Trainee: 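My questions will all concern the structure given below.
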Amino acid sequence: MRAPAKAHTPGRRILRPKAGGVARFTPFKPTLARANSLPLDHPAIVEGRTLFPGKVEGPWTGRLLISGINNPKTGAKVLKGVWAGFPIYTLTLEERKTCPRSCTVYTQCYGNGMQWPKRNDVSDPDFMAALAMDVAAAARQHPDGFVVRLHILGDFYSVKYVLFWALLLEMFPNLRVYGYTARRIDADDLESRKIAQAIGILTKLWSRFAIRTSHPEFGPGRSVVVDEDPKLPDVIVCPAQTEKTAACATCAMCWNPALQRKTIAFLRHGPARGRRPKEPIA
Ligand code: SF4
C-alpha cells in the first residue's frame, strides 16, 4: 500500500513547474519575528566573513550569474513595468567580507541562514573577468534586455568594482541592474563614503541602475528594515513579504522610476528566533 502523501507545511519549499516569470520554488514564508544576531565575539563577526567559508568559491566552479528561476524572491522573468519581459539573473558575493561594518543588519544578515548558495570570491584575480564574460553571454542571449539583481548576499566592495559596473552598463545597453547597498554617503568610514558617492552617480541612470541605499531612516531611494509596517505614505512594505505578490518579477516596484523617491521597507527576517546559527566545520 502506498504511503499517504506528506502534507505541505507552510514555509517549506516545494517544487512546481515553471510558472510564468516566477521561480521553480514557492517562496519561504518570511520570519516576521526579530531575527537572531550572531554575538559580537563570534569569529564570523570578528573576522568579517560568512558563516560558511566553504561556500566561497572562485569563478572556475561555475557561472557567476544565476538565473532567477532558482530564486523564489526574484523570479525568472519580469512580468510587469518598464522591464517587462526581461529575464532576471542574480549575483551573490560573500556577506560581511564585502560589506561595511555600518550595515544595519551586519550581525543579523540573512546569509547566516543560507548555507547552500555559492558566494563568489571577489579576491580571486579572475573574478571581474569571469563576471564580465557572464554578462556578455547574457547580453548576447537577450538582445532585448536582461536584469541583474545585485547582490543576493554581499555588497559593492570598492570604487573600482562600482566603476566596473559603469563600464558594463556602457558596453551592454540591454543590461539593467537593481538591488540594495549598505554603502552610505553619511557612513563613518571614508571607503564607504567614496563607494556610495560612485553608486550615487550611477543611480542618476535609475532607468538602468536602480540601487537603493539600505539605511536606518526612511528617505528617497532607500530601503529600510522594519519590525512592522510603519504605515507612512512614502513607505511601501515589500509586497512579496506580505504575500500580496509572488516575487520581484511580479512586483517591479524597487526599480519603478515613479517610485524612486519612496522608501521600500523590508520586514526584519533571518534565522528564526531560537535557531542561533553555529560555526560550521569549514
Ligand atoms: S518591493 Fe517588489 S521589487 Fe522590491 S524587493 Fe519587494 S518584491 Fe522585489
Side-chain angles (χ1 to χ4, degrees), residues 11 13 19-32 35 66-92 95 103-105 108-111 113-114 117 145-156 175-182 199 203 206-215 218-270:
R13 282 184 172 194
V22 186
R24 287 189 292 160
F25 306 99
T26 51
F28 280 119
K29 229 178 153 84
T31 306
L32 303 184
I66 305 294
S67 166
I69 190 85
N70 298 298
N71 191 313
K73 288 184 180 169
T74 63
K77 187 167 80 172
V78 181
L79 293 182
K80 66 189 284 192
V82 288
W83 297 348
F86 296 175
I88 303 175
Y89 290 88
T90 64
L91 178 69
T92 302
E95 69 273 31
C103 173
T104 54
V105 288
Q108 296 176 317
C109 176
Y110 61 87
M114 294 168 63
F146 66 104
V147 180
V148 177
R149 158 73 160 92
L150 299 179
H151 301 92
I152 298 301
L153 296 173
D155 207 330
F156 293 91
L175 168 63
R176 305 286 184 275
V177 175
Y178 84 99
Y180 316 90
T181 180
I199 293 169
T203 56
W206 188 265
S207 60
R208 294 188 59 206
F209 190 81
I211 296 292
R212 289 180 174 273
T213 304
S214 303
H215 203 280
F218 305 123
R222 291 179 181 172
S223 60
V224 172
V225 176
V226 295
D227 291 309
E228 59 186 35
D229 185 350
K231 299 196 189 312
L232 294 171
D234 285 333
V235 179
I236 303 168
V237 172
C238 168
Q241 286 193 305
T242 52
E243 301 187 348
K244 292 189 177 124
T245 194
C248 298
T250 55
C251 170
M253 284 207 288
C254 276
W255 59 85
N256 182 341
L259 302 178
Q260 182 184 351
R261 295 192 64 75
K262 302 269 185 193
T263 300
I264 300 291
F266 294 106
L267 297 165
R268 197 178 299 276
H269 59 305

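In each ligand, atom 1 is the first atom listed, and ligand 1 is the first ligand listed. What you see is a predicted model; the values in this text were computed from it and never measured.
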Trainee: Considering only heavy atoms of Pro239, which atoms of ligand 1 have at least one such atom less than 4.0 Å away?
Mentor: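 So the atoms of ligand 1 that pass are 1 (S).
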Trainee: Side-chain contact, heavy-atom cut-off 4.5 Å: Arg176 with Arg208?
Mentor: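 The answer is yes; the side chains approach within 4.5 Å.
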Trainee: Relative to Tyr110, does Lys73 satisfy both conditions: NZ or CZ under 6.0 angstrom from the six-membered ring centre, and within 45 degrees of the ring's axis?
Mentor: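 Relative to the ring axis of Tyr110, which defines the angle, Lys73 lies inside both limits.
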Trainee: Give me the nearest non-hydrogen protein atom to atom 6 (Fe) of ligand 1 as residue plus atom name, then the distance to 0.1 Å.
Mentor: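 I find the closest protein heavy atom is Cys238 SG, 2.3 Å.
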Trainee: Run the ring-centre check on Tyr180 versus Phe266 and record whether the distance is less than 6.0 Å.
Mentor: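 When the ring centroids of Tyr180 and Phe266 are compared, they turn out to be within the sub-6.0 Å range.
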Trainee: Under 4.0 Å from any heavy atom of Met253, which atoms of ligand 1 are there?
Mentor: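 Numbered from 1, ligand 1 contributes 3 (S).
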Trainee: Go through ligand 1 atom by atom and flag the ones less than 4.0 Å from a non-hydrogen atom of Ala240.
Mentor: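 In order of numbering, the contacting atoms are 7 (S).
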Trainee: Which ligand 1 atoms does Phe266 reach within 4.0 Å, using its non-hydrogen atoms?
Mentor: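 Answer for ligand 1: 5 (S).
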Trainee: Heavy atoms only: which of Cys248, Ala252, Cys251, Ser223 lies closest to atom 8 (Fe) of ligand 1?
Mentor: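 That would be Cys248.
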Trainee: Say you draw a straight line from CZ of Arg212 to NZ of Lys262; how long is it, rounded to the nearest 0.5 Å?
Mentor: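 Output value for this atom pair is 10.5 Å.
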Trainee: Between Thr74 and Thr90, is any side-chain donor less than 3.5 angstrom from a side-chain acceptor?
Mentor: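 Their side chains do not contain a donor-acceptor pair, so the 3.5 Å distance test is not met.
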Trainee: For atom 5 (S) of ligand 1, what's the nearest protein heavy-atom neighbour? Residue, atom name and distance, please.
Mentor: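 Nearest protein contact, heavy atoms only, for atom 5 (S) of ligand 1 is Tyr180 OH, 3.1 Å.
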Trainee: Give me the nearest non-hydrogen protein atom to atom 4 (Fe) of ligand 1 as residue plus atom name, then the distance to 0.1 Å.
Mentor: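 Closest protein heavy atom to atom 4 (Fe) of ligand 1: Cys254 SG, 2.3 Å.
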Trainee: Checking side-chain contact (heavy atoms from CB on, under 4.5 Å) between Ile264 and each of Pro239, Ser214, Cys254, which is the one that passes?
Mentor: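 Among the candidates, only Cys254 passes.
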